[in-house]
Amino acid sequence: MNEQQRKEMSQIKEVSSSDKKSSGNGNLNRLKQMGSDDLINKYFQTTYEPPNLKKAKKRRREEVQIHYDYSVPEDMENVGKGKKFLIRTYGCQMNEHDTEVMAGLLTDMGYESTDDTKEADIILLNTCAIRENAENKVFGEIGHLKPLKTENPGVILGVCGCMSQEESVVNRILKKHPFIDMIFGTHNIHRLPQLLKEAMFGKEMVVEVWSKEGDIIENLPKVRKGSTKAWVNIMYGCDKFCTYCIVPYTRGKERSRLPQDIIQEVRHLAAQGYKEVTLLGQNVNAYGKDLKDMQYGLGDLMDEIRKIDIPRVRFTTSHPRDFDDRLIEVLAKGGNLLDHIHLPVQSGSSEVLRVMARRYTREEYLKLVKKIRTAMPNATLTTDIIVGFPNETDEQFEETLSLMEEVGFESAYTFIYSPREGTPAARWEDNIPMEKKKERLQRLNKLVNKQSAEAMQEYKGQTVKVLVEGESKKNPDILAGYTERNKLVNFAGPKSVIGEIVEVKIIEAKTWSLDGEMVEKAVEVK
Ligand code: 5AD
Ligand code: SF4
């Protein structure tokens, strides 16, 4: 290291003095003021660790601590009195639930929520990195926030969630959007009060992103959206490393919550009157693998949760590779365990699945589906599919279409492959022209729509149980809710049944929803 480099290093250390984790990028206070691209670049080269497959795979050996003693720091308890917050959430249910935790933390600090950006004293963007278009949306929104900051310099603007875990994103915000006040990642949400304090009382951009995943923090406050359905994290992170996916880098290694903590949370929700819980994880079938000496998996957990007096229990997202016989045996017991399984397949071609590192073949997937259908003849299956993966041939795409039909998926989330920096697939040539990708997506969507519409027709004349969520988005005189198999039902009924499970006779079937008439007010469900 020469004298010049040494001098710069000491400057960089100074700005990162509050770095809390050795491998995190810590706090970049004052970089904004210094405004030097060179310095920012040097900072990243020296202390920030971008997603790194090799290092990420070694992470399993590290211990995860569970903390039960969380509380908002005393000096931040009343900081939000008379003030308002707004959190915009992008992406998956995990993000939605993280937003509920951040809302809980802010509420504990005295803030109230608002939907109006003009009224807000804090605006947080809880971001998603799964595909490029998700990121573009967020950058668009960041641009829209600039005039707001000019008008009201007191408003605190924050970017958090999966995008914050990416080196290139943090870099871009530092360089192009210096009016942002804080950036924090997915592993340090619980530090929101401290970070907010730094952002409020210092004048500089606060950046704290830990590359190494944090511990499990129990008892974080939550403000849940609605009082009917609730999300419950059962595990964090993902160790599957599908070659296209950024999640193992942005969400860290698999960490399971202890069964007793999950069960207690579900019991508590049941006692509060919630009618449905969805157990959440990026790869829920890996639940328990990291719980040493326990020999306890998702099937065991579901077997205990099914005994809790709550009408509906769902779980998402499943990975076919870890979907074991014990889980199928437990799901087949029914009761509050619903017979809808979301089982992402991604492709119908064994060769594409191999390069995606999904670790199952088309045949193995079909075998699993058969097992599920034998044990649960009424099960509804839905899936996720990616088209236009590098080197995907027309024949391989045809295999996806034929699998879609063979399984009889009732619905599917379909995506065009999007290269994600830092993942193995992003290093391969993205050699399918966009026109072709779009064409494949269109053909696939046509089939998905057809199969969904056909599945909906089956419900005509049937009476189904609907958990009523509220007024329909399109018509406030109509109520909307979901069946056990997750079909959207619209029907006329009294507002008093919102939050209840009612019986609805299906009159009309559309492609994505059903119309019906309520036949009974409320049904006791055990
Ligand atoms: N490009 C396109 N789709 C992706 N998904 C995950 N990563 C990518 C990517 N890079 C899809 C998968 C996954 C769903 C949540 O998002 O289908 O199951
Ligand atoms: Fe991503 Fe799901 Fe694969 Fe994990 S299992 S790497 S979250 S697609």
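Atoms within a ligand are numbered from 1 in the order they appear, just like the ligands themselves. Hydrogens, waters and symmetry mates play no part in the numbers below; they use all other heavy atoms, side chains included.
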Would you say Arg420 has any N or O atom under 3.5 Å from an N or O of ligand 1, going by distance alone? no

Could you tell me, atom by atom, which parts of ligand 2 come under 4.0 Å of a heavy atom of Lys240? 4 (Fe), 5 (S)

Between Glu100 and His97, do the side chains contain an N or O donor and an N or O acceptor separated by less than 3.5 Å? yes

Considering only heavy atoms of His319, which atoms of ligand 2 have at least one such atom less than 4.0 Å away? 5 (S)

What orientation do Tyr365 and Phe409 show, parallel under 30°, tilted 30 to 60°, or perpendicular over 60°? tilted

Closest non-hydrogen protein atom to atom 4 (C) of ligand 1, residue and atom name please, with distance? Arg131 NH1, 3.4 Å

among protein heavy atoms, the one nearest atom 2 (Fe) of ligand 2 is Gln282 O, 4.1 Å

Provide the number and element of each atom of ligand 2 under 4.0 Å from a heavy atom of Phe241. 6 (S)

Which protein non-hydrogen atom lies closest to atom 3 (Fe) of ligand 2, naming both residue and atom, and how far is it? Cys242 SG, 2.3 Å

Within the 4.0 Å heavy-atom shell around Val247, which atoms of ligand 2 are there? 7 (S)

As an exercise, identify every atom of ligand 1 less than 4.0 angstrom from a heavy atom of Ile386. 3 (N), 4 (C), 5 (N), 12 (C), 17 (O)

Closest to atom 14 (C) of ligand 1 among protein heavy atoms sits Asp384 OD2, 3.5 Å

Nearest protein heavy atom to atom 8 (S) of ligand 2, by residue and atom, and its distance? Tyr244 OH, 3.4 Å

What verdict does the side-chain contact (heavy atoms from CB on, under 4.5 Å) test give for Tyr244 and Ser418, after you've listed the backbone C-alpha separation in whole Å, the side-chain angles of each residue and the deciding distance to 0.1 Å? CA-CA 8 Å; Tyr244 51 82; Ser418 169; over 6 Å; no

Do any nitrogen or oxygen atoms of Ser418 come within less than 3.5 Å of a nitrogen or oxygen of ligand 1? yes

Would Arg255 and Asp215 count as a salt bridge (Lys or Arg N to Asp or Glu O under 4.0 Å) here? Give the steps. CA-CA 9 Å; Arg255 289 103 71 208; Asp215 295 333; over 6 Å; no

Contact between ligand 1 and Ile416 is defined here as a heavy atom of the residue under 4.0 Å from a ligand atom; is it met? yes

Taking backbone and side chain together, does Cys238 place any N/O/S atom at a distance below 2.8 Å from atom 4 (Fe) of ligand 2? yes

With atom 12 (C) of ligand 1 as the reference point, say which of Met356, His319, Gln346 has the nearest heavy atom. Gln346

Kindly indicate whether the side chain of Ile372, heavy atoms from C-beta on, has any atom under 4.5 Å from the side chain of Phe323. yes

Tell me which part of Ile130 gets within contact of ligand 1: side chain, backbone, both or neither, using heavy atoms under 4.0 Å. both

For ligand 2, is there an atom lying under 4.0 Å from some heavy atom of Arg358? yes

Nearest atoms (heavy-atom pairs only) where Ile341 meets Phe315: CG1-CZ, 4.5 Å

Using distance alone, with no hydrogens and no angle criterion, decide if Asp322 and Tyr287 have a side-chain donor and acceptor under 3.5 Å apart. no

Modelled atom types, side-chain donor and acceptor of Thr382 and His342, under 3.5 Å: yes

Which residue and non-hydrogen atom of the protein lie closest to atom 1 (Fe) of ligand 2, and at what distance in Å? Cys245 SG, 2.3 Å

Please report the C-alpha distance between Asn391 and Glu351 in whole Å, then the side-chain angles of each, then the deciding distance to 0.1 Å, and finally whether the side-chain contact (heavy atoms from CB on, under 4.5 Å) criterion is met. CA-CA 10 Å; Asn391 299 314; Glu351 178 52 22; over 6 Å; no

Can a donor-acceptor pair be found, under 3.5 Å and without considering hydrogens, that links the side chain of Arg321 to the backbone of Tyr360? no

Any side-chain donor near an acceptor of the partner, Ser452 and Glu410, under 3.5 Å: no

Atoms of ligand 1, numbered as shown, that sit under 4.0 Å from any heavy atom of Tyr417: 1 (N), 2 (C)

Going by the order shown, which atoms of ligand 2 are within less than 4.0 Å of some heavy atom of Pro248? 6 (S)

Identity and separation of the nearest protein heavy atom to atom 7 (N) of ligand 1: Tyr244 CD1, 3.3 Å

Indicate whether the side chain of Asp324 and that of Asn285 have a donor and an acceptor atom separated by less than 3.5 Å. no

